[in-house]
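Everything quoted here is computed from the prediction, not taken from an experiment.
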Amino acid sequence: MMTLSAAPAVLPAPEPTPGAPRPRRPQGGGRSGSRWVAVAFAAPLLVYLLVFYAYPLIRSIDLSVHDYNVRAFVQGNAEFVGLKNYIDVFTSPLFGQASWNTVVFVFGSLIFQYALGLALAVFFRGSFRLNGILRALFLVPWLLPLIVSGSAWSWMLNSDNGIVNAFCRLSASVRSTG
């Protein structure tokens with residue numbers, strides 16, 4: 001039969017001998033040094049969040065409370081209108097239809113993407129000759145951010161100075177003169 005005995009978990013430190021040098025503490029201030037290390041590791045994340053999230057949010061709010069047009073963007077003297085832009089949007093007769101279109105588009109897109117993703121997952125679960133190459137090709141679009149393509153289309157379809165609308169105005173003027 002085996003018996004267990006209780007032993008102290010930590011042995012007491014030996015008593016220092018008189019006249020012996022004291023052990024040195026590590027430089028860096030102990031706990032305060034580890035705080036600076038934590039701040040140094042968090043700094044890149046904080047800079048990233050400030051540059052790519054906080055600044056665009058603040059800038060968007062600033063833009064939304066001014067009356068901007070092309071001239072105001074160039075000269076930088078847009079008139080402050082406060083919440084008038086928000087009131088105009090929410091009281092517009094098109095707001096309800098635009099909101100409904102957005103809801104339909106979002107849920108339709110989600111259902112389509114979910115169904116397509118599920119079908120592809122079931123298809124690629126099996127093993128076949130080009131399985132690895134096709135899986136890699138399906139991952140390529142995830143490497144290209146959707147924001148880049150969305151921004152490009154937004155610039156091209158801009159109602160004031162987008163290239164698509166400029167082309168439409170040009171072709172309309174050619175048809176009316178010809």
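Here the side chains of Ile133 and Leu130 are in contact, with some heavy-atom distance below 4.5 Å. Contact of the Phe128 side chain with the Leu134 side chain is registered, since non-hydrogen atoms from C-beta on lie closer than 4.5 Å. Using a 4.5 Å heavy-atom threshold, the side chains of Phe73 and Asn161 count as separate. Inter-residue side-chain proximity for Trp36 and Phe41 is flagged as unmet; no heavy-atom pair is nearer than 4.5 Å.
In the displayed structure, Arg169 atom CZ is contacted under 6.0 Å by more than 12 heavy atoms of other residues, nucleotides or ligands. Under a cut-off of 6.0 angstrom, the local environment of OH in Tyr55 is sparse, with at most 12 non-hydrogen atoms contributed by other residues, nucleotides or ligands. Crowding of Phe167 atom CZ: a count of heavy atoms from other residues, nucleotides or ligands under 6.0 Å not exceeding 12. Atom CG of Leu49 is surrounded by more than 12 heavy atoms from other residues, nucleotides or ligands within 6.0 Å.
In this structure, Ser92 contributes its side chain and Asp88 its backbone to no donor-acceptor pair below 3.5 Å. Without hydrogens or angle criteria, Ser173 side chain to Leu170 main chain gives a donor-acceptor distance under 3.5 Å. The main-chain N or O of Val81 is never found under 3.5 Å from a side-chain atom of Asp67 such that the two would form a donor-acceptor pair. Between the side chain of Asp160 and the backbone N or O of Asn69, no donor-acceptor pair lies under 3.5 Å. Within the 3.5 Å criterion, the main-chain N or O of Phe105 finds a donor-acceptor partner in the side chain of Ser109.
No hydrogens or angles considered: a donor-acceptor pair under 3.5 Å links the side chains of Asn131 and Arg135.
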Candidate pair Val89 and Phe95, rule side chain to side chain contact (heavy atoms under 4.5 Å, CB included), full reasoning: CA-CA 7 Å; Val89 166; Phe95 179 73; 3.9 Å; yes
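Between Leu45 atom CG and Leu50 atom CG the span is 9.5 Å, to the nearest 0.5 Å. In this structure, NE2 in His66 is found 14.0 Å from NZ in Lys84, a value given to the nearest 0.5 Å.
Ring orientation note: the planes of Tyr86 and Phe90 are close to parallel, at an angle under 30° on the 30°/60° scale.
Scanning both residues, Asn85 and Ser64, for their nearest heavy atoms gives ND2-O, 2.9 Å. In terms of heavy atoms, Tyr68 sits closest to Leu63 at CE1-CD2, 3.3 Å.
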